[in-house]
Amino acid sequence: MGLIGEVLLLPFAPVRGSAWAIRQVLREAERIYYDPATVRAELARLEEQLQAGEITEEEFDRREDELLDRLETGMHSGRSTGEET
């Protein structure tokens, strides 16, 4: 497109910059969401809630299944951070 195209598209630069920033935030949020360390910490908190009587066994099973699915999805899609133990 060249110089003329860049000059003509200059008014749209803030929009392109905002879109880039939003993509970066979403990418980081997904990385954290699927991070095995994050999921394991949530599993530990969930078990503590069960032992403290804050949630029922059924609620524990349902949320545990969701977390394990999330862990599996993250590991299969290559989203893991390499900090696994």
Side-chain angles (χ1 to χ4, degrees):
M1 198 181 307
L3 182 60
I4 294 175
E6 289 297 320
V7 170
L8 292 174
L9 292 176
L10 192 57
F12 297 106
V15 173
R16 291 187 305 195
S18 296
W20 176 85
I22 290 169
R23 283 192 306 271
Q24 297 304 311
V25 169
L26 287 173
R27 186 175 297 134
E28 181 65 11
E30 282 184 345
R31 186 194 64 78
I32 293 169
Y33 183 77
Y34 289 107
D35 180 29
T38 302
V39 177
R40 287 186 188 108
E42 289 185 37
L43 282 167
R45 271 181 277 161
L46 187 62
E47 189 171 345
E48 289 171 2
Q49 288 177 332
L50 177 65
Q51 291 174 351
E54 297 173 5
I55 60 173
T56 65
E57 186 76 32
E58 292 80 22
E59 176 71 8
F60 174 82
D61 289 339
R62 184 185 64 76
R63 290 173 56 190
E64 181 187 40
D65 287 343
E66 291 171 0
L67 288 168
L68 292 174
D69 288 344
R70 199 167 101 192
L71 181 63
E72 184 177 344
T73 300
M75 294 178 83
H76 287 309
S77 67
R79 289 185 177 121
S80 68
T81 61
E83 297 176 1
E84 301 175 31
T85 55

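Atom set for the values below is all heavy atoms of this structure, side chains included, hydrogens, waters and symmetry mates excluded.
Note that the CD atom of Gln24 and the CD atom of Glu28 stand 9.0 Å from one another [nearest 0.5 Å]. To the nearest 0.5 angstrom, Gln49 atom CD is 5.0 Å from Arg63 atom CZ. Of the inter-residue distances, the one linking Arg27 atom CZ with Glu30 atom CD reads 9.0 Å to the nearest 0.5 angstrom.
A salt bridge between Glu59 and Arg62 is present, with a side-chain N of the basic residue lying under 4.0 Å from a carboxylate O of the acidic one.
Nearest approach of Glu64 to Leu46, heavy atoms of both residues: N-CD2, 3.5 Å. The two residues Leu43 and Leu68 come nearest to each other via the heavy atoms CD1-CD2, 4.0 Å. Here the closest heavy-atom approach between residue Val39 and residue Tyr33 is recorded as CG2-O, 3.8 Å.
Glu72 pairs with exactly one of Arg70, Met75, His76 by the side chain to side chain contact (heavy atoms under 4.5 Å, CB included) rule, that one being His76.
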